[in-house]
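Comments concern the structure below.
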Amino acid sequence: MYESEFEQSVFDLRREKLKQIEALGHPVYPNSFAASHTLTAIRAEYDTATSETLEKDRVSVAVAGRIMAIRAQGKAGFAVLQQNGVRLQIYVRMDAVGEPGFQLYKLLDMGDHIGVTGYLFRTRTGELTVHVDTLKFLSKAMLPLPEKYHGLADVELRYRQRYVDLFMNADVREVFVKRAAVLRAMRKFFDERGFLEVETPMMQPIAGGAAAKPFTTHHNALDIDLFLRIAPELYLKRLVVGGLDRVYEINRNFRNEGISTQHNPEFTMLEFYQAYANYHDLMDLTEELIPTIAMEVNGTTKTVFNDVEIDLSKWQRFTMREAIIKWWPPEAGDTASMEMFDSREKLEGALNAALGKFPPTTPGTENEISLIEPDDPYQASEDEIAPAGHSSWETVQNQRAAMLFNYVGRCLVDGEALGKVIAELFEGLAEEHLIQPTIIYDFPLAVSPLSKQKPNEPEWVERFEFYIGGFELGNAFSELNDPVEQRNRFLQQLGERERGDAEAHAMDEDYVRALSFGLPPTGGEGIGIDRLTMVLTGSRSIRDVILFPLMRPQVKQADADAMSE
RNA sequence: GAGCGCGUAGCUCAGGUGGUAGAGCAACGCACUUUUAAUGCGUGGGUCCUGGGUUCGAGUCCCAGCGCGCUCACCA
């Protein structure tokens, strides 16, 4: 538990102080304090009270809090109490609290919890302060607090010891207060519209509803492997079959994948389903939901993320195909067209034409697909792609676009489904530009095994995602409710799985059976709560909006040595 | 999983080209009855992330490992 001999000695010293406090007649771990006010209430009521009014109508208070600053001055002294993130100064003088009371004050440390009674006044410098009559000891901080001015700054320590982070850093506390406000606003929004909040299994025999690798666990009594859910989707739609026409669930999903500033292995998602609605209805609903939450949480629809002001009440919509053409690199000229999405041959032609517009990587040759190994379009360093002094490529953007074209082109040539390649192209070209709220709709069938096809374009589905701040926050579609088609989609996914796609969807016979009893036309949507909270609080990392983000456990040196032997 | 960066006292941080490890806060002692990053005087506190190597000598240079951050990949 101790980080050092220093901490051990502080701990021992404070045990000694506890004995002295006990000797003064104070229980060292009492179980209550009868407060008259919270610090929040005092701030709200008396922040504007003048010195004169406080003197004329003396306000008696009993308040408690953690000592965040303490300044002794001979036979008097100050301390600052903090409670629920709110601070209030107290003033303790020997002639007011008596000698035993002052002895207790002198045994107090930063971080201790105390309760005091007294009356409010303003100091010479105008600070609202409790003039203390009596002190009650409540609990001791046995370990030293971080530096009082800079707080706890080390990111790793902040995540690992969030309990310290929270009482030291007011802005951290604020983020989690807002996160709670997001959840409250969400529930209010859906409750008001007749949605029923439900809870579906987090331990599932088949991990479905999304493309992701699950965590595996085991139930001993049943002797079966189970998966932590990657999405609640298939269970929620079973509920709509069951006649719960409007349902939503807010809870954790678990995906056994990489960790980044936008990904935590467990994350919170809202999913909701509305019978008799389609994806157009959900677009409208989304454009209402997000600004409503912003207003409830921040009192404004504007937020600043990555130094950019975002207005959550102003939305734009593009089809995926429009977005690809809109953000087609200018250097590639007019090589893109709506027709290129119609067939593999046309897309390959467009990619080759676009690559031809870029200066060649090797002098004297024409650019074409597969100049670069397709394993990973972004792995190659800038130097490898454009050696210094050996390239006329103007920007990194051009290089990246060329790499992307090479990569997706190669995928196409290697037989990857056209729809998958188009989705890849979209992510590579457009996603980073989607800073202001944007709905991207009409997705390829190949990447959407649970969505309903567009009536006139069977290769495209009624699906949209919405983006804010350059990343995806939500995903929605008109739900596929034809059991025969759903079964075929699952079979196709099984084929993908056999070809090595570990994230392809598994067959879920019971879900198909549920659809066979009749799912009404239904729209469903999932929204990442963590990411929405990031946008609303201006947090750049998802770990700043998760109280206890997953960290690799620290191994003590002795244990590490023992393990390596 | 890859690249880059960081790791020095409980905390926040200094430590050009290798030469006995520093400050502020916190801690301990003393003084101080309206301070607020209180102040003044004094004291203690370090496996410089770990393990190797180079060197007469390593916090500093080299190699390997661990942890964290950022970017990218996977993905939401």
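As the structure is a computational prediction, the values presented were derived from the model and not from experiment. Computed over heavy atoms, backbone and side chain alike; hydrogens, waters and symmetry mates excluded.
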**Prompt:** For atom P, what is the distance between B:U71 and B:U54, given to the nearest Å?
**Reply:** 40 Å
**Message:** Rounded to whole Å, please give me the gap between CG in A:Asn256 and P in B:G1.
**Reply:** 12 Å
**Message:** Base, sugar-phosphate or nothing for A:Glu472? Non-hydrogen atoms, less than 4.0 Å.
**Reply:** sugar-phosphate
**Request:** Show your working on salt bridge (charged side-chain N to carboxylate O under 4.0 Å, His left out) between A:Asp414 and A:Arg410 and close with a plain yes or no.
**Result:** CA-CA 6 Å; A:Asp414 287 352; A:Arg410 181 58 180 264; 3.5 Å; yes
**Asked** For B:C68, does OP1 or OP2 lie under 4.0 Å from any side-chain N or O of A:Arg552?
**Response** yes
**Request:** Take the protein atom OH of A:Tyr91 and the nucleotide atom P of B:U35, then report the distance between them rounded to whole Å.
**Result:** 9 Å
**Of A:Leu473, A:Ile290, A:Ile310, the residue whose pairing with A:Pro437 passes side-chain contact (heavy atoms from CB on, under 4.5 Å)** = A:Ile310
**Asked** Looking at the side chain of A:Phe121, which of B:U34, B:A76, B:U33 is the nearest nucleotide?
**Response** B:U34
**Prompt:** Can you check whether A:Arg93 has a side-chain N or O nearer than 4.0 Å to OP1 or OP2 of B:U33?
**Reply:** no
**Request:** To the nearest Å, give me how far apart CG (A:Leu145) and P (B:A37) are.
**Result:** 18 Å
**Message:** Checking base pairs now: Watson-Crick or wobble, both atom distances under 3.5 Å. What partners B:A31?
**Reply:** B:U39
**Request:** Rounded to the nearest angstrom, tell me the gap between atom CD1 in A:Ile70 and atom P in B:C25.
**Result:** 17 Å
**Item:** Residue met sooner reading RNA chain B from 5', once A:Asp154 and A:Phe78 are mapped to nucleotides
**Value:** A:Asp154
**Request:** Could you check whether A:Gly528 gets within reach of a base, just the sugar-phosphate, or nothing at all, counting any heavy atom under 4.0 Å?
**Result:** nothing
**Prompt:** Can you tell me how far P of B:G10 sits from CE of A:Met168, to the nearest Å?
**Reply:** 16 Å
**Message:** Looking at A:Arg124 and B:U34, is any side-chain donor or acceptor paired with a base atom of the opposite kind under 3.5 Å?
**Reply:** no
**Prompt:** Of the candidate nucleotides B:C11, B:G67, B:C70, which contains the atom at the shortest distance from the side chain of A:Thr261?
**Reply:** B:C70
**Item:** Nearest-neighbour nucleotide for the A:Glu127 side chain, B:C25, B:G67, B:U35 considered
**Value:** B:U35
**Asked** Looking across every strand, which nucleic acid part, if any, lies under 4.0 Å from A:Glu5 by heavy atom: base, sugar-phosphate, or nothing?
**Response** nothing
**Asked** Do the side-chain N and O atoms of A:Thr200 and A:Glu249 include a donor-acceptor pair separated by under 3.5 angstrom?
**Response** yes
**Request:** Answer with base, sugar-phosphate or nothing: what part of the nucleic acid does A:Ser9 contact at a heavy-atom distance below 4.0 Å?
**Result:** nothing
**Message:** Give me the distance, rounded to whole Å, that separates B:C61 from B:C48 when you measure between the P atoms they each carry.
**Reply:** 16 Å
**Request:** State whether A:Phe548 and A:Arg162 meet the cation-pi test: NZ (Lys) or CZ (Arg) under 6.0 Å from the six-membered ring centroid, and within 45° of the perpendicular axis.
**Result:** no
**Request:** Remember a base hit wins even if backbone is also touched, and classify A:Leu13 as base, sugar-phosphate or nothing at under 4.0 Å, heavy atoms.
**Result:** sugar-phosphate
**Message:** Quick check on B:U39: is either OP1 or OP2 less than 4.0 Å from any side-chain nitrogen or oxygen of A:Arg71?
**Reply:** no
**Asked** Regarding A:Asp544 and A:Tyr159, is there a side-chain donor-to-acceptor distance under 3.5 Å anywhere?
**Response** yes
**Request:** Please work out if A:Ile230 contacts a base, only the sugar-phosphate, or nothing of the nucleic acid, heavy-atom cut-off 4.0 Å.
**Result:** nothing
**Message:** Tell me the interatomic distance from A:Asn306, atom CG, to B:C70, atom C1', rounded to whole angstroms.
**Reply:** 12 Å
**Message:** Nearest 0.5 Å, please: how far is CZ in A:Arg252 from CD in A:Glu266?
**Reply:** 4.5 Å
**Asked** Reckon A:Arg158 touches a base, only the sugar-phosphate, or nothing at all at heavy-atom distances under 4.0 Å?
**Response** nothing
**Asked** According to a strict under-4.0 Å criterion, is A:Lys106 in side-chain N/O contact with OP1 or OP2 of B:C28?
**Response** no
**Asked** If you check the A:Phe6 side chain, which of B:G10, B:C74, B:C70 turns out closest?
**Response** B:G10
**Request:** For B:C62 and B:G42, measure between their C1' atoms and round to the nearest Å.
**Result:** 44 Å
**Asked** Salt bridge check: are A:Asp307 and A:Arg540 linked by an N-O gap of less than 4.0 Å?
**Response** yes
**Prompt:** Just checking A:Met94: base, sugar-phosphate only, or nothing, at a heavy-atom cut-off of under 4.0 Å?
**Reply:** nothing
**Fill in**
In Watson-Crick or G-U wobble terms, with both distances under 3.5 Å, the base opposite B:A9 is none
**Distance between P atoms of B:U8 and B:C13 (Å, rounded)** = 10 Å
**Request:** Please tell me which of the listed nucleotides, B:U33, B:C70, B:A73, lies nearest to the side chain of A:Ser541?
**Result:** B:C70
**Item:** Pairing nucleotide - B:G45, Watson-Crick or G-U, each distance under 3.5 Å
**Value:** none
**Request:** Pick the P atom in B:U43 and in B:A23, then give their distance to the nearest Å.
**Result:** 11 Å
**Message:** Once you apply a heavy-atom cut-off of 4.0 Å, does A:Tyr159 come out as touching a base, just sugar-phosphate, or nothing?
**Reply:** sugar-phosphate
**Item:** Axial cation check for A:Phe167 ring with A:Arg66, 6.0 Å and 45° limits
**Value:** yes
**Asked** Between B:A76, B:U33, B:C11, which one does the side chain of A:Arg531 approach most closely?
**Response** B:A76
**Request:** Assign A:Glu156 to base, sugar-phosphate, or nothing according to its heavy-atom contacts below 4.0 angstrom with the strands shown.
**Result:** sugar-phosphate
**Prompt:** Touch check for A:Leu473, heavy atoms < 4.0 angstrom, all strands: base, sugar-phosphate only, or nothing?
**Reply:** nothing
**Prompt:** Hey, does A:Gly474 reach any base, or is it just sugar-phosphate, or nothing, if we go heavy atoms under 4.0 Å?
**Reply:** nothing
**Prompt:** Hey, does A:Ala211 reach any base, or is it just sugar-phosphate, or nothing, if we go heavy atoms under 4.0 Å?
**Reply:** sugar-phosphate
**Message:** Please report the distance, rounded to the nearest Å, between NZ in A:Lys75 and C1' in B:C30.
**Reply:** 13 Å
**Message:** Any N or O donor-acceptor pair under 3.5 Å from the base of B:U34 to the side chain of A:Gln73?
**Reply:** no
**Request:** May I have the distance from A:Met551 (atom CE) to B:C68 (atom P), rounded to whole angstrom?
**Result:** 5 Å
**Request:** With a 3.5 angstrom cut-off on both distances, give the Watson-Crick or G-U wobble partner of B:G3, or none if there isn't one.
**Result:** B:C70
**Message:** Using the C1' atom as the point on both nucleotides, what is the distance between B:A9 and B:G5, in whole Å?
**Reply:** 24 Å
**Asked** B:C63 and B:C11: how far apart are their P atoms, nearest whole angstrom?
**Response** 29 Å
**Item:** Opposite nucleotide pairing with B:G16, Watson-Crick or G-U, both atom distances under 3.5 Å
**Value:** none
**Message:** What's the gap between B:C74 and B:A2 when it is taken at their C1' atoms, as a whole Å value?
**Reply:** 12 Å
**Asked** If you look at every strand shown and take non-hydrogen atoms under 4.0 Å, does A:Ala212 touch a base, only sugar-phosphate, or nothing?
**Response** nothing
**Message:** Could you check whether any side-chain heavy atom of A:Arg15 comes within less than 4.5 Å of a side-chain heavy atom of A:Lys140, counting everything from C-beta outward?
**Reply:** no
**Item:** CA sep, side-chain torsions, deciding dist, call: A:Glu52, A:Lys56, salt bridge (charged side-chain N to carboxylate O under 4.0 Å, His left out)
**Value:** CA-CA 6 Å; A:Glu52 292 71 32; A:Lys56 197 158 63 117; over 6 Å; no
**Request:** Could you say whether the aromatic ring of A:Phe267 and the base of B:A76 stack, counting only centre distances under 5.5 Å and plane angles under 30°?
**Result:** yes
**Prompt:** Looking only at side-chain N and O atoms, does A:Lys148 come under 4.0 Å of OP1 or OP2 in B:A26?
**Reply:** yes
